[in-house]
Student: 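Before anything else, here's the structure in question.
In this text, all values refer to a predicted model and were calculated from it rather than measured experimentally. Numbering of ligands and ligand atoms starts at 1, following listing order.
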Amino acid sequence: MAEDAALECDLLVRNAYVITLDERRQVYPSGAVAIRGRRIVAVGPDADVGSYASARTIDAGGGVVHPGLVDAHAHMTLHTTRGALPDSPSESQSQDYFTTWMHALGDDDEHASTLLACLEMLRNGVTCFLEPGTAYEPDAVASAAQRIGIRGSVTDAYLWDRVSPAYHELDRAPADHARSMKLLGRQLARNRDPDALVRGHIGLYGAATASDELERAAKAAADEQGAILTQHQSFYADDVADDDARFGGHPLAHFADIGVLGPNCTFAHMNAIRDDETQPVVDSGLTIVWMPGNYMYYGMAEFFKQRAAEMYHLGVPVAFGSDVAKVWGFGEQGYLGFLLARAHGQFLAAEEIMEMTSRSGARAVGLQDRLGSLAPGMLADLVIRGTGAAESHPPANPVRDIALIGRTKAVDTVIIDGKVVLRHGHATLVEDEDVFGLADASARRLAARVGLPPATIWPEGRST
Ligand SMILES: [Zn+2]
């Protein structure tokens with residue numbers, strides 16, 4: 001009888017091409033996944049796992065099932081700027097609009113922007129995000145994620161104590177050591193609930209905006225409390241030059257010297273990695289969040305050769321982040337990274353892209369012990385793809401299709417924490433139209449307050 005009870009589950013996904021990303025990277029061409037509560041209890045051939053008695057069964061129709069993707073650096077509350085701010089070659093003008101927009105954000109705007117970002121993430125197969133510390137009100141982000149049913153991690157906004165080229169003057173978040181120390185680690189209270197869907201992490205803004213004293217305090221807090229430490233790092237030519245000047249050397253070598261690097265560090269951008277910084281990064285075990293879209297958008301190739309693929313091949317965990325989604329959707333950074341690596345004479349296989357978006361992503365958010373693969377005991381965060389996308393045919397190589405060709409087009413159903421939160425392309429816990437309505441209204445209000453120019457350079461015809 002005990003054996004019979006063990007073969008019961010709450011949700012069974014059958015008739016699927018299961019890509020597990022487990023230790024062996026096992027694939028089951030005719031597979032099934034059994035879920036009990038919020039965790040996976042069995043993964044394997046449909047002929048075996050399909051025999052579980054389940055309260056609910058989803059027939060994947062032969063579609064691909066894989067672990068949910070992780071976006072390890074997404075400014076959720078700034079998502080509604082996408083398409084709204086001018087795509088101007090004059091960077092200073094765009095930055096002025098951007099800063100004005102940030103000043104104008106209310107809690108409702110942050111909530112609406114996050115709702116929209118979360119919904120888009122689900123539709124594109126992203127099941128977990130990390131907000132890197134620019135949300136004025138982390139509760140506005142957390143409550144939106146919970147409404148949509150997506151996993152996330154938040155921190156307090158703009159912890160910095162140094163004026164540098166990456167610093168923007170913000171009345172609500174001045175560069176101040178005492179303020180930053182007071183807020184450091186406040187969001188970790190969320191982790192007291194081991195099953196929290198939205199967790200907290202330690203975050204500094206970074207990119208030359210933190211003193212060594214603040215860096216040390218942040219790393220110590222992360223170590224003491226078993227959390228990860230995130231920050232922007234080595235983003236643009238001017239913050240890198242600022243770091244070089246103040247340290248009298250390169251920043252990653254300096255950070256190694258003062259003992260603030262470790263496997264619980266998740267550093268975003270890392271566009272500049274000089275030769276003497278390579279080994280400290282490898283030795284520390286830190287995770288890089290690679291944002292190939294941003295690298296290209298800001299013309300980084302003019303300053304720094306692309307090294308993310310090289311670092312990955314040296315054993316550094318490299319995850320993907322979309323940053324502020326400018327002209328891309330969620331779930332597209334792997335494709336951009338693949339092409340960017342090739343443009344710089346390097347190569348990443350489709351399998352490596354998938355590992356970076358799942359396993360490395362889980363590592364980047366500090367959840368590698370429970371996320372990033374489909375295996376017994378892991379949290380049930382998974383994506384079911386349909387077979388109707390033209391790009392997915394012929395189904396010669398499902399991994400290449402997911403990572404590079406079809407990308408996000410075939411996402412049909414998403415399960416997070418054992419719950420079906422997207423079914424046939426629509427959110428199940430909220431009405432998609434309600435999310436669009438809230439986000440669109442917020443963006444309209446903000447555009448009016450910022451005084452944005454017309455959306456297109458083409459003349460608009462209107463009746464008189
Ligand atoms: Zn960022």
Student: Using a cut-off of strictly less than 2.8 Å, determine whether H269 has an N/O/S atom near the Zn ion (ligand 1).
Tutor: no
Student: Under the salt bridge (Lys or Arg N to Asp or Glu O under 4.0 Å) rule, collect the residues that match up with R363, sequence neighbours excluded.
Tutor: none
Student: In terms of side-chain heavy atoms, does S211 have a donor or acceptor partner in D161 at a distance below 3.5 Å?
Tutor: yes
Student: Could you walk me through whether H73 and H269 pass side chain to side chain donor-acceptor pair (under 3.5 Å), step by step?
Tutor: CA-CA 9 Å; H73 187 104; H269 294 299; 4.6 Å; no
Student: By atom name, which N, O or S atom of D323 is the nearest to the Zn ion (ligand 1)?
Tutor: OD1
Student: Before accepting this row, confirm whether a basic side-chain N of the pair R82/E120 lies closer than 4.0 Å to the acidic partner's carboxylate O.
Tutor: yes
Student: Angle at the Zn ion (ligand 1) between NE2 of H232 and NE2 of H75, to 10°?
Tutor: 100°
